[in-house]
Amino acid sequence: MPELPEVEVVRRGLAQWVSGREIATAEVLHPRAVRRHVPGASEFAARLKGRTVISAERRGKYLWLPLSGAEEALLAHLGMSGQLLVVDPHSPLEKHLRVRLGFADGGPELRFVDQRTFGHVMLTALVDGVPEPISHIAPDPFEEAFDDEAFADGLLRKRTEIKRALLDQSLISGVGNIYADEALWLARLHWARPTQTLTRPKIAELLAAVREVMGAALAQGGTSFDSLYVNVNGESGYFERSLEVYGRRDQPCSRCGTPIRREAFMNRSSYSCPRCQRRPR
């Protein structure tokens, strides 16, 4: 699933290509794509027509397009395979096209393509500039609103495994399985380390590792393991080449040479170096 760097790459593309443009047409080709828009597909499409996209915003793994005329936005979550593509309106329709927005200037249109239909788009009210359905999730570590001390306080109160805490969107948003493993490797922490055993300097080191890893991924366009994650122009990111542990089972750790270990974690995988990241007793 796309994590913060991948979603930020898409947001930047949307900011460049759709901000300031008026929506002329809206078409829903699969109702599941707007399943969380309770009034339904027809109302969704009707309410978009004539609205101007003001900007493109993001929190964690969610992005949204604030719209003119009311305090509301088009909220999107990409799920496992969702893509927001900016394409020539005359180009062939994608096999898994779900929602299509045309603009009054006749230029490139915005298409929501989703093979597995786990993603969704919806119109929703804004609460202090944030879409109401996600107003409960924590800021992400690149937001000005993110409070390092509040994060440390919350982490120490959790009394859980450190990786579970990193994936808790009420504590910190935008971190998923890939970047949690990469940041923990960089900070030399095993994913099962109890949060209450961390010192505040170590928590600060972990936060720095989270920002470093995701910042590096962002600079390389994110991580693409297949064709399902692409930016608005259909291009893949290439941070996969820089991954230190994730997906590198039995390959040597670049720091000490020990083979990387894969362990089961919450119905998924967790990767770590047995030597650099000692498992807690």
Side-chain angles (χ1 to χ4, degrees), residues 1-15 32-37 55-66 73-85 98-99 110 112-124 126-127 129-146 151 154 163-184 207 210-211 213-226 228-232 236-237 239-240 243 246 265-270:
M1 182 178 293
E3 301 179 30
L4 185 155
E6 291 76 42
V7 178
E8 174 62 13
V9 168
V10 175
R11 187 206 67 78
R12 291 180 181 183
L14 294 175
R32 182 168 168 76
V34 294
R35 63 190 179 278
R36 299 196 181 185
H37 185 80
S55 61
E57 310 295 337
R58 179 194 54 74
R59 170 163 288 182
K61 305 173 188 177
Y62 289 87
L63 17 100
W64 66 92
L65 304 176
L74 176 63
L75 174 65
H77 190 271
L78 301 180
M80 294 291 291
S81 59
Q83 302 170 350
L84 284 166
L85 304 176
R98 308 306 184 193
V99 178
L110 180 61
F112 179 57
V113 177
D114 191 4
Q115 178 179 326
R116 299 176 183 171
T117 64
F118 291 148
H120 67 87
V121 293
M122 64 184 295
L123 275 168
T124 180
L126 294 171
V127 178
V130 178
E132 190 277 331
I134 65 168
S135 59
H136 65 286
I137 72 172
D140 67 59
F142 292 107
E143 289 186 63
E144 288 186 12
F146 189 87
F151 170 77
K163 185 172 178 179
R164 287 180 186 271
L166 286 177
L167 300 181
D168 184 345
Q169 302 296 293
S170 69
L171 187 64
I172 181 172
S173 65
V175 183
N177 207 38
I178 296 173
Y179 299 115
D181 280 358
E182 292 297 301
L184 289 168
L207 257 183
V210 168
R211 289 181 172 124
V213 165
M214 292 203 294
L218 180 57
Q220 296 183 46
T223 301
S224 300
F225 287 108
D226 54 34
L228 295 182
Y229 162 67
V230 293
N231 66 18
V232 296
S236 297
F239 188 67
E240 179 190 1
L243 293 173
Y246 187 86
F265 170 78
M266 294 176 60
N267 297 319
R268 60 186 89 179
S269 298
S270 201

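- Under the 3.5 Å distance criterion, the side-chain polar atoms of E182 are matched with a main-chain donor or acceptor of Y246.
- Exactly one residue among V121, T117, V113 makes a side chain to side chain contact (heavy atoms under 4.5 Å, CB included) with R98. That residue is T117.
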Apply the test side-chain contact (heavy atoms from CB on, under 4.5 Å) to residues V130 and H136: give CA-CA distance (whole Å), side-chain angles for both, the deciding distance (0.1 Å), then the verdict.
CA-CA 10 Å; V130 178; H136 65 286; over 6 Å; no

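- Ion pairing between D114 and R32 fails under the 4.0 Å rule for side-chain N and carboxylate O.
- Residues A180 and V175 come closest through the heavy atom pair N-CG1, 3.8 Å.
- Considering every non-hydrogen atom in both S270 and F265, the closest pair reads CB-CB, 3.8 Å.
- Classified by interplanar angle (parallel below 30°, tilted 30° to 60°, perpendicular above 60°), the ring pair H77/H120 is parallel.
- In this structure, the side chain of Q169 engages the main chain of G174 through a donor-acceptor pair within 3.5 Å.
- One side chain, Y179 or E6, offers a donor N or O that lies under 3.5 Å from an acceptor on the other.
- Residues S173 and K61 bring no donor and acceptor atom of their side chains to less than 3.5 Å of each other.
- For the salt bridge (charged side-chain N to carboxylate O under 4.0 Å, His left out) with D140, the lone residue among R211, R58, R11 that qualifies is R58.
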Go through the steps for L126 and E132 under the test side-chain contact (heavy atoms from CB on, under 4.5 Å), then give the verdict.
CA-CA 6 Å; L126 294 171; E132 190 277 331; over 6 Å; no

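- Pairing each heavy atom of S55 with each of P66, the nearest pair is O-CD, 3.2 Å.
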Might you work through the side-chain contact (heavy atoms from CB on, under 4.5 Å) test for L218 and V9, ending with a clear yes or no?
CA-CA 7 Å; L218 180 57; V9 168; 3.6 Å; yes

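- Annotation: the span from L14 atom CG to L110 atom CG amounts to 6.0 Å, rounded to 0.5 Å.
- To the nearest 0.5 Å, atoms CG (N177) and CZ (R268) are separated by 5.0 Å.
- Of the candidates P139, P131, S135, R59 forms a side chain to side chain contact (heavy atoms under 4.5 Å, CB included) with just one, namely P139.
- With rounding to the nearest 0.5 Å, the separation of CG in L74 from NE2 in H37 is 10.0 Å.
- Of all non-hydrogen atoms in P141 and V210, the two that sit nearest each other are CG-CG1, 4.0 Å.
- For the residue pair Q83/S81, the side-chain donor-acceptor check at 3.5 Å is not satisfied.
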Decide side-chain contact (heavy atoms from CB on, under 4.5 Å) for I172 and L207; before the verdict, give the C-alpha distance in whole Å, the side-chain angles of both, and the deciding distance to 0.1 Å.
CA-CA 10 Å; I172 181 172; L207 257 183; 4.2 Å; yes

